[in-house]
Chemist: 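Structure provided below as structure tokens; questions to follow.
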Amino acid sequence: VISLAAKPCIRCGRISEEKHKYCIRCGAPLVNRCTNDGGLLGEPCNKINKQNAVFCMECGTYTTFYKAGLLHSNHAGVARPVEDELRSMNHFNHPFFED
Ligand SMILES: [Zn+2]
Ligand SMILES: [Zn+2]
């Protein structure tokens, strides 16, 4: 039985059960989560985004699908920040730095 919540794998199309976090056929993540871990000071975002989202709808950080190479964006692909740059951006957005 395929529930309404079941989603096809973005890589191979296999329908997985809702409770599955990764595709059991190809290993692709099934939940497109925000990769914003909050850095050293902030709170992790953990927002679950649509399967076609390259950026988190909540905070604009890259999603797990994009990081895993499952999605491609013309915009993100041009100048893809490295992990350290992402972290410093997160710090910069932290309320501590607002004045
Ligand atoms: Zn798959
Ligand atoms: Zn986010």
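In each ligand, atom 1 is the first atom listed, and ligand 1 is the first ligand listed. Small disclaimer: the values here were computed from a predicted structure and weren't measured. The first residue in the sequence is number 1, and the count goes up from there.
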Chemist: With distance as the sole test, does Arg11 use its side chain to make a donor-acceptor pair with the main-chain N or O of Cys26 at under 3.5 Å?
Modeler: yes
Chemist: Would you compute the distance between atom CZ of Phe55 and atom CG of Asn49 and round it to the nearest 0.5 angstrom?
Modeler: 11.5 Å
Chemist: Please list, chain by chain and in numerical order, all residues satisfying salt bridge (charged side-chain N to carboxylate O under 4.0 Å, His left out) with Lys19, sequence neighbours excluded.
Modeler: Glu17
Chemist: Output, by chain and residue number, all protein N/O/S atoms separated from the Zn ion (ligand 1) by less than 2.8 Å.
Modeler: Cys9 SG, Cys12 SG, Cys23 SG, Cys26 SG
Chemist: CG/Leu71 to CZ/Phe65 distance, rounded to the nearest 0.5 angstrom?
Modeler: 7.0 Å
Chemist: Working to the nearest 0.5 Å, report the span between CG of Asp37 and SG of Cys45.
Modeler: 10.5 Å
Chemist: Which protein atoms of type N, O or S are found under 2.8 Å from the Zn ion (ligand 2)?
Modeler: Cys34 SG, Cys45 SG, Cys56 SG, Cys59 SG
Chemist: So, taking the atom named CD1 in Ile48 and the one named CE in Met57, what distance separates them when rounded to the nearest 0.5 Å?
Modeler: 9.5 Å
Chemist: Under the side-chain hydrogen bond (donor to acceptor under 3.5 Å, both in side chains) definition, can you give me all pairs with a residue in residues 23-33, not counting sequence neighbours?
Modeler: Asn32-Thr63
Chemist: Could you tell me the separation between the CD atom of Gln51 and the SG atom of Cys9, rounded to the nearest 0.5 Å?
Modeler: 8.5 Å
Chemist: Measure from the side-chain N and O atoms of Thr61 to the backbone N and O of Thr35, and report whether any donor-acceptor pair falls under 3.5 Å.
Modeler: no
